[in-house]
Amino acid sequence: MTALLRIVSPVTFTGGNLPDNSRSRRGTVVKCSNERRVLFNRIAPVYDNLNDLLSLGQHRIWKNMAVSWSGAKTGNNVLDLCCGSGDLAFLLSEKVGSTGKVMGLDFSCEQLAVAATRQNLKARSCYKCIEWMEGDALELPFGDCEFDAITMGYGLRNVVDRDRAMKEMYRVLKPGSRVSILDFNKSNQSVTTFMQDWMIDNVVVPVATVYGLSKEYEYLKSSINGYLTGEELETLALEAGFSSARHYEISGGFMGNLVAER
Ligand SMILES: C/C(=C\Cc1cc(O)c2ccccc2c1O)CCC[C@H](C)CCC[C@H](C)CCCC(C)C
Ligand SMILES: C[S@@+](CC[C@H](N)C(=O)[O-])C[C@H]1O[C@@H](n2cnc3c(N)ncnc32)[C@H](O)[C@@H]1O
């Protein structure tokens, strides 16, 4: 079975007739976004294996929880945003079944290539309902109110404009439906932050260094430090228009999942 891979040209910087300072600001944003795309293209070949190794397989439990919290049901049309190698998209397809549809969107072509390869190796009919799309979470190529559920696993922390991403999710979600956003938890507890940083400094980065990816995994620590707390994530969702938002800490506060309803 040949995986469906649709290329929707990622948002490119047109420049246009913006005043210089806006052009430079937008140029900086696009440069940062491209740097992230390059980072995830580079780690794509080892991403899944390192996640399994470094989390002792626990990340699969956290992703299962995120998909359950999304409320995805049989026959639904659902979106996995920043899908990467497809972990949550595959879990969503098991929820919606072969009568449903799963769209996996990411701007990393290498991550999508891994997802499509994994899909081709899977036999169950439900996995055939997944379509992979290269696109930008900040400018989704979908109409309003298209999806019955949206998941975003370890993506919101990595987009360059979280407010815009949240507003795009709100726009394409059907009223009464949910987004479920899994990521590292930016804890208010200093002991949790210390342990998170210690694990990244003393386990994650040294292991990644073996694969020549020290810089890529050092980014993890800075990105978590620059992330939003659970309370701030709830506010971000409410300000984007969601009617309710709740952030759940999991795995001893190392991870967190935001559930918001339109
Ligand atoms: C699936 C996980 C992380 C995905 C992920 C997200 C990113 O933003 C990255 C950025 C740059 C490089 C890689 C990633 C990336 O892989 C979570 C599990 C994998 C983590 C790499 C492992 C983190 C370990 C925790 C700090 C402690 C885990 C304790 C557990 C109870 C064993
Ligand atoms: C840490 S990976 C998460 C992959 C997958 N969701 C998982 O849980 O393993 C983050 C993903 O977000 C994607 N990403 C970051 N910014 C994006 C954007 N603006 N538009 C689309 N994808 C983006 C990256 O290419 C990468 O594949």
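Since the model is a prediction, treat every value here as computed from it, not as a measurement. Numbering of ligands and ligand atoms starts at 1, following listing order.
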Using a strict threshold of under 4.0 Å (side-chain N to carboxylate O), is an ion pair present between D148 and K73? no
With a cut-off of 4.0 Å, which atoms of ligand 2 are near a heavy atom of G84? 4 (C), 27 (O)
Can you sort out which atoms of ligand 2 are near G135, meaning under 4.0 Å from one of its heavy atoms? 20 (N), 21 (C)
Quick check: G153 and ligand 2, any N/O pair under 3.5 Å apart? yes
Hey, are the side chains of K101 and F147 touching, using non-hydrogen atoms and a 4.5 Å cut-off? no
Contact atoms of ligand 2, heavy-atom distance to S108 under 4.0 Å: 25 (O)
Kindly confirm or rule out an N or O of H59 lying under 3.5 angstrom from an N or O of ligand 1. no
Short N/O distance, under 3.5 Å, between S251 and ligand 1? no
Tell me, please: is Q111 in heavy-atom contact with ligand 2, that is, under 4.0 Å? yes
Can you find an N/O atom of N158 closer than 3.5 Å to an N/O atom of ligand 1? yes
Within less than 4.0 angstrom of ligand 2, does G86 place any heavy atom? no
Lys/Arg N to Asp/Glu carboxylate O, R42 vs E110, below 4.0 Å: no
Closest non-hydrogen protein atom to atom 32 (C) of ligand 1, residue and atom name please, with distance? S55 O, 3.7 Å
What is the nearest protein non-hydrogen atom to atom 25 (C) of ligand 1, stated with its residue, atom name and distance? F254 CD2, 4.0 Å
Looking only at non-hydrogen atoms, the one of D136, N158, D106, L140 nearest atom 13 (C) of ligand 2 is D106
Quick check on M195: does its CE atom have over 12 non-hydrogen neighbours (other residues, nucleotides or ligands) under 6.0 Å away? no
Once you round to the nearest 0.5 Å, how far does CG of L228 lie from CE of M166? 8.5 Å
Min heavy-atom dist C83 to ligand 2 below 4.0 Å: yes
For ligand 2 and L81, I'd like to know whether there is a polar contact (N/O to N/O, distance under 3.5 Å). no
Nearest to atom 20 (C) of ligand 1, what protein heavy atom do you find, and at what distance? F184 CZ, 4.1 Å
At what distance is the nearest protein heavy atom to atom 24 (C) of ligand 1, and which residue and atom is it? L54 O, 4.0 Å
Please examine the side chains of L105 and P141, heavy atoms only from C-beta on, and report whether any two atoms are closer than 4.5 Å. yes
How far is atom 4 (C) of ligand 1 from its nearest protein heavy atom, and which residue and atom is that? Y47 OH, 3.4 Å
Decide yes or no for I224 and I200: does some side-chain heavy atom of the first lie under 4.5 Å from some side-chain heavy atom of the second? yes
Which residue and atom name correspond to the protein heavy atom nearest atom 9 (O) of ligand 2, and how close is it? Y47 OH, 2.6 Å
Are R118 and D87 ion-paired here, with the side-chain N under 4.0 Å from a carboxylate O? yes
Please write down residue, atom name and distance for the protein heavy atom closest to atom 3 (C) of ligand 1. N51 OD1, 3.8 Å
Before signing off on this row, confirm whether F107 and ligand 2 have an N or O atom pair separated by under 3.5 Å. yes
Which of the atoms in ligand 2, numbered in the order shown and given with their element, are less than 4.0 Å from a heavy-atom of K63? 7 (C), 8 (O), 9 (O)
I want to check something: taking the side chain as every heavy atom from C-beta on, are L39 and Y219 in contact at a cut-off of under 4.5 Å? yes
Give the residue and atom name of whichever protein heavy atom lies nearest to atom 6 (C) of ligand 1, and the separation in Å to one decimal. R157 NH2, 3.4 Å
State the atoms of ligand 2, each with its element, that fall below the 4.0 Å cut-off from a heavy-atom position in L88. 8 (O)
Can you tell me which portion of I43 lies within the under-4.0 Å heavy-atom range of ligand 1? Options are side chain, backbone, both, or neither. side chain
Hey, what do you get for OG1 (T117) to CD (Q119), rounding to the nearest 0.5 Å? 9.5 Å
Can the ring centres of Y227 and F184 be said to be less than 6.0 Å apart? no
Looking only at protein heavy atoms, which one is nearest to atom 20 (N) of ligand 2, and how far off is it? A137 N, 2.9 Å
Just to confirm my output: which protein heavy-atom neighbour is closest to atom 21 (C) of ligand 1, and how far is it? L220 CD1, 3.8 Å
Based purely on interatomic distance, does N51 place a nitrogen or oxygen under 3.5 Å from a nitrogen or oxygen of ligand 2? no
Using side-chain heavy atoms (C-beta onward) and a distance below 4.5 Å, is V159 in contact with R36? no
With heavy-atom distances below 4.5 Å as the criterion, would you say the side chains of S98 and R124 are in contact? no
Any S177 side-chain heavy atom under 4.5 Å of R262 side chain: no
